Each structure stands twice: as C-alpha cells, then as structure tokens.
**Q** 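Please find one structure pasted underneath; my questions will follow.
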2 protein chains.
Amino acid sequence: MINPGSDRPVFRQLADLLRERIRAGQPLPSTLHISQEFGIGRNTVRKALDVLVGDGLIVVRNGYGPVVLEQAEGGEVETVRLYRGSEVTVRLPTEQDRYELGLPLTAVVPIVEVTVGGRSKIYRGDRVRLTSA
Amino acid sequence: MINPGSDRPVFRQLADLLRERIRAGQPLPSTLHISQEFGIGRNTVRKALDVLVGDGLIVVRNGYGPVVLEQAEGGEVETVRLYRGSEVTVRLPTEQDRYELGLPLTAVVPIVEVTVGGRSKIYRGDRVRLTSA
DNA sequence: ACTGATTTGTACGTATGTATC
DNA sequence: CGATACATACGTACAAATCAG
C-alpha cells in the first residue's frame, strides 16, 4: 500500500491512492478513518487531502466529511463567452478567492475575474478559456 | 502583535504581519527566528509562510531561507481590446514567457495570452486589463 | 432547543530526513 | 565536515462546525 521508506512522501502516496478511489466512484471516509486504515497520522492524511483539494477533486468543510466533487467539473476546462462590455482582470488568488474556489494555501493558480454589468465572477485561470463573442 | 484568542487564526495573523514587512522591503528571517520572535510554534509559522507562497510573495526552498519575490507594483496597466474571435488563456509564466517579457526568474505573475487569427500575444496579467469590444 | 457524537480546524511539541551553506 | 534551515511525519490537545437523536 504505502511505503514509508519510499522517495515519494507518504502524503503524496496517500493522495495517489485516494485519487484512485475517487476515480472508482468511492466516497472518502473521515480523516480519522483514513489514518487508522493506513496507519498514518491524521496530519499527514489532511495534507494528502490538501493535494486532492488542489486538484479540484474534493472539498472539505469543518465538521463535515470530505466531499467528492463531480470529476467532469473537476479538471475540465470551461469555455466562457465574453459579450460586449465584459471586462477581464487577472490576479493571483486572494484569501477570499481561495475560500470561494477551495484552493489550498500553497496552490499558485491565476484567478480570472470577468465583470459585466457590475457583476463579476471568478474562475481558476487554468480551467477557463475565454472567447470574445 | 498576535492575539491567540482572536477569531482570526494565528497563522493568518502572522501572515498579515509578514506581508506588511515584505511591503516595507524587509527580508524574512528563518522560520525558527520567526517562531521565536512571536512565540509561535514552527509548524504555525510554516503555515503562515504557505499563505505568502500562495500569494506569490515568497518562495521557500529546502535548506534555504524564505525568499521575498519582486512584486509588480506601480507598473502601468495596459488596456487591451478583445475583438470578435479572440481567445484568451491564462497560465503561470513559462521560461519562454519570462524571456519575452523580461521577467525575473523569481517573479510570480500570471501570464495572459490573447490569440486572434492564429497570432498570439502575451501580457503580464497584473498589468493588463481586457475589455470585450 | 438541547445534548452528545463525529469531524474538521488550529496549534503545539518532537523527531528525523534532506538540502543548502 | 559541521551548522543551518526547510520537509516530512508522528503524536497530542482543544476549539469549532455539523449532524443525529
């Protein structure tokens, strides 16, 4: 299963294993269950989950278990049409952006903000393509 | 300085303080120094640094101290009109992007690529604003 | 509305490994 | 080679959010 002496860190090995489970359609148990199943500290399990959050595969909420997201929306690139008057700005994620998009602290991902008619919407820059309609 | 009983987590409070120091042009000492200065555990300091890494303010390397990156501040913002058929993608800079834009190796800046009619042009994401014409 | 159990969030400490100087 | 500094991983504890009854 997991080799503690491997070159690849435990939390990455675990993330790989959990990724396979998610791909197989399985839900994720609590961090405590996972830590007991693999004999790994809960902190390490949490770090593995951080990786999956960064991949857009799951989200975690306080007091609630990990939630597996739809894989179609997970890594797919969304195409957004820009109508006349749309404005686009790009930035690195603010704390608010990370909260809204479920980005981990260490993920460096461009944020795209599209504003039209005073309303704005943000996207992960690596998962959006804009076309001027 | 830092209020452990605050609603705002310690690592976020610390991240805010360190962000101000970076803005003031100060370098960051080691995690051990920071933890001793503020009386905070090193793990918590490390998490605060994670916040700054995610913001693109610093980078951390194994065996080396935190490195404050150069920030794009005060640069002029260029407005680019997107005509019909334009496509926009966003990414973090490749080596080629850095060469073309003269970006320092340490600068973490989103790159905006505008493609129209097979020709593409890249911009620094923090110095460009796109408007759909 | 309240209680208790579960689960995640935060924070501490400690130890060891690895990279850099 | 030794000293410094970050990376990983363990354990522990308590707070906060959620949920089931």
Side-chain angles (χ1 to χ4, degrees), chain A residues 1-18 21-22 26-54 57-69 95-96 98-108, chain B residues 1-18 21-22 26-55 57-69 105-106:
Chain A
M1 289 266 218
I2 285 184
N3 176 17
S6 168
D7 237 19
R8 190 165 178 77
V10 172
F11 75 90
R12 294 213 176 269
Q13 295 183 50
L14 178 58
D16 293 338
L17 288 174
L18 297 179
R21 290 194 178 183
I22 292 174
Q26 299 178 27
L28 289 189
S30 71
T31 56
L32 182 60
H33 276 87
I34 296 176
S35 75
Q36 289 171 343
E37 175 184 354
F38 293 93
I40 294 173
R42 194 169 76 91
N43 285 357
T44 305
V45 174
R46 275 189 42 77
K47 212 168 174 190
L49 292 188
D50 281 343
V51 176
L52 301 180
V53 170
L57 291 176
I58 66 173
V59 290
V60 286
R61 278 186 305 162
N62 192 354
Y64 202 76
V67 177
V68 177
L69 300 177
E95 184 180 327
Q96 178 71 10
R98 293 184 183 281
Y99 174 76
E100 293 185 22
L101 296 179
L103 285 175
L105 298 178
T106 54
V108 181
Chain B
M1 290 266 219
I2 286 185
N3 175 17
S6 168
D7 237 19
R8 189 164 179 77
V10 173
F11 75 92
R12 294 221 177 260
Q13 295 183 51
L14 178 58
D16 293 338
L17 288 175
L18 297 179
R21 291 194 177 181
I22 292 175
Q26 300 177 26
L28 290 189
S30 71
T31 56
L32 180 60
H33 277 86
I34 296 176
S35 76
Q36 290 172 341
E37 175 183 354
F38 293 94
I40 295 173
R42 270 197 278 183
N43 286 357
T44 305
V45 174
R46 190 61 186 78
K47 210 170 177 190
L49 292 186
D50 280 343
V51 176
L52 301 180
V53 169
D55 288 343
L57 292 176
I58 66 171
V59 289
V60 287
R61 281 185 301 163
N62 192 350
Y64 202 76
V67 177
V68 176
L69 302 177
L105 291 177
T106 55

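Side chains included, hydrogens not; waters and symmetry mates left out as well; all remaining heavy atoms used. Worth saying up front: this structure is predicted, and the values here are computed from it rather than measured.
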**Q** Whole angstrom is fine here: how far is it from OH in A:Y64 over to C1' in D:dC19?
**A**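 In whole Å, D:dC19 C1' lies 9 Å from A:Y64 OH.
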**Q** With a cut-off of less than 4.0 Å, is there a side-chain N or O of A:T31 near OP1 or OP2 of C:dT7?
**A**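 For C:dT7, neither OP1 nor OP2 has a side-chain N or O of A:T31 closer than 4.0 Å.
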**Q** Can you tell me if A:R42 touches the phosphate of D:dC10, counting only side-chain N or O atoms and a distance under 4.0 Å to OP1 or OP2?
**A**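 For D:dC10, OP1/OP2 do not have a side-chain N/O of A:R42 under 4.0 Å.
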**Q** Does a side-chain heavy-atom distance below 4.5 Å link A:N43 with B:N43?
**A**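 No - every pair of side-chain heavy atoms lies 4.5 Å or more apart.
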**Q** Which atom names give the shortest non-hydrogen contact between B:L14 and B:A48, and what distance separates them?
**A**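 That closest heavy-atom pairing would be CD2-CB, 3.7 Å.
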**Q** Identify, between A:P9 and B:S30, the residue whose nearest nucleotide on DNA chain D lies closer to the 5' end.
**A**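 With A:P9 and B:S30 compared, the 5'-side residue is B:S30.
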**Q** Both A:G39 and A:R61 contact DNA chain D. Taking the nearest nucleotide for each, which residue is further toward the 5' end?
**A**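 Nearest-nucleotide comparison on DNA chain D picks A:G39.
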**Q** Can you tell me how far P of C:dG9 sits from CZ of B:R8, to the nearest Å?
**A**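 So the CZ-P distance, B:R8 to C:dG9, works out to 16 Å.
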**Q** Considering only side-chain heavy atoms of A:N62, which listed nucleotide, C:dT7, D:dA9, D:dT18, is closest?
**A**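 Side chain of A:N62 sits closest to C:dT7.
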**Q** Between atom CG in A:N43 and atom P in C:dT14, what is the gap in whole Å?
**A**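 It is 16 Å, rounded to the nearest whole Å.
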**Q** Verify the neighbour count for atom CZ of B:F38: are there more than 12 heavy atoms of other residues, nucleotides or ligands below 6.0 Å?
**A**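 Result for CZ/B:F38: enclosed.
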**Q** If the cut-off is 4.0 Å, is A:T44 near the phosphate of D:dC10, judged by side-chain N/O to OP1 or OP2?
**A**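 Answer yes for this pair, as a side-chain N or O of A:T44 is under 4.0 Å from OP1 or OP2.
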**Q** Using atom CG of B:L28 as one end and atom P of D:dA5 as the other, report the distance to the nearest whole Å.
**A**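 My rounded result for the distance is 13 Å.
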**Q** How many whole angstroms separate atom CG of B:L32 from atom C1' of C:dT14?
**A**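 Nearest whole value for this atom pair: 14 Å.
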**Q** Classify the nucleic acid contact of B:P66 as base, sugar-phosphate or nothing, counting any heavy atom under 4.0 Å across all strands shown.
**A**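 Sugar-phosphate only.
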**Q** Using whole Å, what does the distance between atom P of nucleotide D:dT4 and atom CD1 of B:I34 come to?
**A**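 The distance from CD1 of B:I34 to P of D:dT4 comes to 17 Å, rounded to the nearest Å.
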**Q** What integer distance in Å separates A:Y99:OH from D:dA17:P?
**A**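 In whole Å, D:dA17 P lies 11 Å from A:Y99 OH.
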**Q** Can you figure out which of C:dT20, D:dA7, C:dA11 approaches the side chain of B:V60 most closely?
**A**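 It is D:dA7.
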**Q** Within the 4.0 Å heavy-atom criterion, would you say A:G63 contacts the bases, only the backbone, or no part of the nucleic acid?
**A**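 Here A:G63 touches the bases of the nucleic acid.
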**Q** Side-chain contact test, heavy atoms from C-beta onward, threshold under 4.5 Å: evaluate it for A:L28 versus A:L49 and give yes or no.
**A**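 A side-chain contact exists here, since the closest heavy-atom pair is under 4.5 Å.
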**Q** Assess the residue pair B:R46 and B:D50 against the criterion (salt bridge (charged side-chain N to carboxylate O under 4.0 Å, His left out)); give the C-alpha distance rounded to whole Å, side-chain angles, the decisive distance to 0.1 Å, and a yes or no.
**A** CA-CA 6 Å; B:R46 190 61 186 78; B:D50 280 343; 2.6 Å; yes
**Q** Check every atom of C:dG9, C:dA11, D:dC6 against the side chain of A:R46 and return the nucleotide holding the closest atom.
**A**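 Of C:dG9, C:dA11, D:dC6, C:dG9 is nearest to the side chain of A:R46.
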**Q** Less than 4.0 angstrom between a side-chain N/O of B:K47 and OP1 or OP2 of C:dT10, yes or no?
**A**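 Checking B:K47 against C:dT10: at least one side-chain N or O falls below 4.0 Å of OP1 or OP2.
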**Q** Roughly how many Å is it from CG in A:D50 to C1' in C:dG9, rounded to a whole number?
**A**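 Atom CG in A:D50 sits about 11 Å away from atom C1' in C:dG9.
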